[in-house]
Amino acid sequence: MTVRTRFAPSPTGFLHIGGVRTALFNWLFAKRHGGAFILRIDDTDNIRNLETALEPILEGLQWLGITWDEGPGAEGDHGPYFQSQRADRYAAAAKCLLDTGSAYRDFATPQELDAERKEAQAAGRPFLYSRRFAAFDKETAARFETEGRRAVVRLKMPREGQLVIDDKVRGEVTFAWEREQDHVIQRADGSCLYHLATVVDDHDMEISHVIRAEEHLSNTPRQAFIAESLGYKLPTFAHLPLVAEPGSRTKLSKRKLDKYLKNRDFAQVNEHGMRIAQQIGLEPESDTFNPVIVDFYRDVGYLPWAIDNYLTLLGWSLDDHTEFFTRSQLIENFSLERVNSSPASFDPKKLWTVQDHYMQQLSTAEKFELMAPFLTKSGLISEPISNEMKDFVFQIIEASGDRLKVAGDILTYATFFLVEKLTLDPAAVAKRLSKPGTAALLQQFIEHVAVAEPFHAETLEPALKSVVETANKKVGDLIHAVRVAVTGTTVGPGLYDCLVILGREKSLERLRNALELCG
RNA sequence: GCCCCCAUCGUCUAGUGGCCUAGGACAUCGGAUUCUCAGUCCGAAAACCGGGGUUCGACUCCCCGUGGGGGUACCA
C-alpha cells in the first residue's frame, strides 16, 4: 500500500508552531515510506480573503522545506485540494448517508436540544438526543415543515456496542457507541460540516495514515462511523501529543500570548526578535508576530532546519542522546512507534540552542548570504553590494563569531562599523569613560594608534598594554574605554578586531571624539 | 456532568521486569578561561504523582485514587 498522509490547515493567516509539528510528522512519515504528502486547505468556514489568509501558511511550509506532493500549486489526481470547492462531494455523501439510514433529518431547534442537554446534565446522566424531532419519513418531515421548522442532517449513531481504534501512537482506544452524539453533518442551509468533509476528503484523496493532534482523538468515533457507513476503508490513525504552552501541559494557542510572555525564556526570545524586526523596519504586532508563529522566526533570521529539528524532538526521539539530525537522517529514522504519547511543552530557549548549533556550522559566505538582506533592509548598506563592502562585512561576521545566533543579529554587531556618525550609549559612556584619568590614557593610546605599523592586533595590543603599564593602571581601565569610544557600546567582538576592521582613520576619529566625553 | 487520553529532573526526553546508586540535553547555580558580550571547559543541584496488587525482583505489568489535558457545537 502506498503511504499517503495529509496536513489540512485552515487559512487563518498564521502558521502556528503546533501546526508545523503536525505537518512535519506527516511529511516525515510519508518520506520515510516513499509516499506522498498532501496539503489540503480546510476553508469550509467563511474566509474573508482566502489569498491573504493562505499565503503565510504556504510560504511558511515552503520555507521550512515541508513541501507537498499534491495540493495548492501542485495539482495531482485527487483535487481539488480546497474544501470550499468540494461542497458537492460532501452533499452527495450526506445524501447517501440519509438514503442508507445512517443519518436523519432533524427538526429540533437549538434551544430544544439545549434544554435536553441541560436536563440530562442536571440529572447526572450522559446526554443522548431523544430524536424527538427526527423525521424518518416524508409525512413527519412535512408536518415539521408546516410548523416552520428547518432541518439539519444528523448522524444516526449506533447506541450499543463499542468501537476499538488501533492508534499507532496510543495503542488500542475503546469508545462506547452509546456515549456518542448524533452529530450534525449538514447545516440547515445545506452546507456541510468538518467531520463529514474530512472523512470524504481523506477517502477521495486516498489518505492511508491520518496523523493529527490528540485533540482529534475523541472525534474519531463519529468519523469512523461516517466512513464505515459510506463503505470506506478506515485509514490508520495516529494521534500525536499536543504541543503545550511553555512550562505547562495546556495546548499552545496564539491567543494567550500575554500569559506566555510571563515566561522568562519566552519573553527573552520574543524581545530579541522584536528588536531585530524593528531594525529592519517591520512594524510587528504581537498578535501576528511572536514565537508561536512561524513568520517570526523567518523574519528574524532563524534557519528553517533548526525549527524542523527542534520541533521533531517535541514528541519524538531517536534514542537517549541524539539531538541533531540532517534531513536525510531524520527521514531514515523517523517512526510513529517512537512518538511519545504525553504532551510536550514548547521551549523557545531550547529551540534557540538548536538554532545556535546550526548557525555555527555555517561558513562565513553562507552567513553573509543570510545576513546581507538584514543589512540592506535596515539601510546600513545599499544595493548592489560592492566587493569592498562584501569583504568588509565578511570581516565583521568573522570577528563576531558565535555571537551571531540568528541572521538578524548581524545588525547588533555590524551597525557601529557601518554608520558614519557613531551614537554612543549614554550608560556605556557613564560607565567606561567618566572615570578620572581616562582622557589621559586615551590620549596616549591615540598616539600609538596613529603610528602603529602595521595596523594589526599584534601591534595594537602591546601598545595598549604599554600605555596602561606606564600609567600604572589596569588593562580594563583603558580597554573598556576604547571599546565604548569606537563602538558606542559595551558589548561586541574582540576590541583589536574592532579597531582593525574599522581602520586607522575611523578609529582615531572616534577616539578623539570620545576625549571630549571623558570625565 | 459524561467520554477519551496522559503521568520520569523546572522543560524536552532515555528507560519495554534485574544492566537504574534512573542516563542525556536545555534551563539554573558554582568554578576556570577571556578586554566586554558570546563561547568553551570543569563541576553541582535537580525526577520515577500516591496507594494497593502481580513477581524472587518493579520506573517498567494490573487495579484504584489523585493530578493534568483534550473532547463533548448548525467550530476546525
Side-chain angles (χ1 to χ4, degrees), chain A residues 8-10 12 42-45 83 106 109-110 113-114 117-118 120-128 150-154 165 167 169-170 173-176 178-181 183-189 191-195 197-198 213-221 239 241-242 244 246-251 263-265 310 313-323 340-347 349-354 356 360 400-405 409 412-413 428 432 461 464 474-484 487 489-496 498:
Chain A
S10 57
T12 55
D42 251 349
D43 57 346
T44 48
D45 254 2
Q83 291 196 328
D106 179 52
T109 62
L113 229 17
D114 210 45
R117 214 187 308 264
K118 290 231 171 75
Q121 215 175 92
R125 60 184 152 76
F127 168 64
L128 213 49
R150 300 227 299 158
V152 298
V153 177
R154 276 183 195 283
I165 307 258
D167 189 279
V169 170
R170 272 146 231 282
V173 184
T174 308
F175 300 89
E178 59 182 345
R179 290 289 124 85
E180 297 301 321
Q181 305 301 320
H183 287 282
V184 174
I185 52 173
Q186 189 169 28
R187 295 183 179 97
D189 68 3
S191 62
C192 290
L193 266 6
Y194 168 76
H195 295 290
T198 303
E214 198 211 296
E215 56 194 299
H216 291 285
L217 183 57
S218 302
N219 299 142
T220 309
H239 288 92
L242 249 28
S248 151
R249 305 247 145 171
T250 311
K251 181 175 142 188
N263 173 290
R264 187 176 39 120
D265 294 342
Y310 168 71
L313 261 12
L314 232 44
W316 180 87
S317 65
L318 175 62
D319 52 32
D320 63 345
H321 63 279
T322 315
E323 298 209 287
N340 230 67
S341 47
S342 49
S345 67
F346 174 65
D347 179 356
K349 210 55 197 278
K350 179 111 185 199
L351 196 178
W352 172 270
T353 344
V354 175
D356 187 21
Q360 301 330 323
S400 302
D402 48 26
R403 291 173 187 81
L404 302 167
K405 310 293 184 198
D409 283 334
T412 304
Y413 296 102
R432 299 300 192 189
E461 185 167 359
L464 185 136
K474 282 181 290 195
V475 170
D477 292 337
L478 179 53
I479 206 158
H480 296 310
V482 174
R483 173 180 296 284
V484 173
T487 71
T489 164
T490 53
V491 303
L495 180 65
Y496 304 110
C498 288

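Side chains of A:His480 and A:Thr490 form no contact here, defined as non-hydrogen atoms less than 4.5 Å apart. In this structure, the side chains of A:His195 and A:Ile185 stay at 4.5 Å or more apart for every pair of heavy atoms. Side-chain contact between A:Tyr310 and A:Asp347 is present, with heavy atoms from C-beta onward closer than 4.5 Å. Using a 4.5 Å cut-off on side-chain heavy atoms (C-beta onward), A:Ser341 and A:Pro241 make no contact.
Among the atoms of the strands shown, only primed sugar atoms or phosphate atoms (P, OP1, OP2) are found under 4.0 Å from some heavy atom of A:Leu314. Looking at heavy-atom distances under 4.0 Å, A:Pro9 makes no contact with the nucleic acid at all. Counting any heavy atom pair closer than 4.0 Å across all strands shown, A:His195 reaches a base atom. Within 4.0 Å of A:Gly492, counting heavy atoms only, lies at least one base atom of the nucleic acid. Looking at heavy-atom distances under 4.0 Å, A:Leu193 makes contact with sugar-phosphate atoms alone, never a base. Within the nucleic acid shown, A:Asn340 comes within 4.0 Å of sugar-phosphate atoms alone, with no base atom in reach, counting heavy atoms only. Using a 4.0 Å heavy-atom distance criterion, A:Ala344 is classed as a sugar-phosphate-only contact. Within the nucleic acid shown, A:Val173 comes within 4.0 Å of sugar-phosphate atoms alone, with no base atom in reach, counting heavy atoms only. A:Thr174 comes within 4.0 angstrom of sugar-phosphate atoms only, judged by non-hydrogen atoms across all strands, and of no base. In this structure, A:Gly401 reaches neither bases nor backbone, as no heavy-atom distance under 4.0 Å exists between it and the strands shown.
Proximity of A:Arg187 to the phosphate of B:C75: a side-chain N or O atom is located under 4.0 Å from OP1 or OP2. Between A:Arg403 and B:A38, a side-chain N or O to OP1/OP2 separation shorter than 4.0 Å is absent. Between A:Ser317 and B:A14 there is a side-chain polar atom (N or O) within less than 4.0 angstrom of OP1 or OP2.
Here, B:G69 and B:C74 have their C1' atoms 27 Å apart, quoted to the whole Å. Nucleotides B:U13 and B:C29 are separated by 24 Å at their P atoms, to the nearest Å. On the P atoms, B:G67 is 37 Å away from B:G30, given to the nearest whole Å. Look at the P atom in both B:A25 and B:A7: the space between them is 24 Å, to the nearest Å. B:A45 and B:A27: their C1' atoms are spaced 13 Å apart (whole Å). Taking atom P on both nucleotides, B:A44 is separated from B:G23 by 12 Å, rounded to a whole Å. With P as the reference atom, B:G65 and B:G10 are 27 Å apart, rounded to whole Å. Using C1' as the reference atom, B:C75 and B:G71 are 13 Å apart when rounded to the nearest Å.
Rounded to a whole Å, the CG atom of A:Asp114 is 9 Å from the P atom of B:A73.
A salt bridge links A:Glu214 and A:Arg170; the closest N-O separation between the charged side-chain nitrogens and carboxylate oxygens is under 4.0 Å.
Residue A:Arg483 places a side-chain atom within donor-acceptor reach of the base of B:C35, judged by atom type and a 3.5 Å distance cut-off alone.
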At under 4.0 Å between heavy atoms, how does the protein contact nucleotides 65-71 of chain B? Give one character per nucleotide, 5' to 3', with B, S or -. ---SBBS

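For B:U33, the paired base is B:G39 (Watson-Crick or G-U wobble, both distances below 3.5 Å). B:G67 is paired with B:C6 under the Watson-Crick or G-U wobble criterion, all donor-acceptor distances under 3.5 Å.
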Could you go through nucleotides 21-31 of chain B and list every protein N or O atom that sits under 3.5 Å from one of its N or O atoms, giving the distance for each pair?
| unit_1 | atom_1 | unit_2 | atom_2 | d |
| --- | --- | --- | --- | --- |
| B:G23 | N2 | A:Asp320 | O | 3.4 |
| B:A25 | O2' | A:Glu323 | OE1 | 2.6 |
| B:A25 | O2' | A:Glu323 | OE2 | 3.4 |
| B:A25 | O2' | A:Lys350 | NZ | 3.0 |
| B:A25 | N3 | A:Lys350 | NZ | 3.3 |

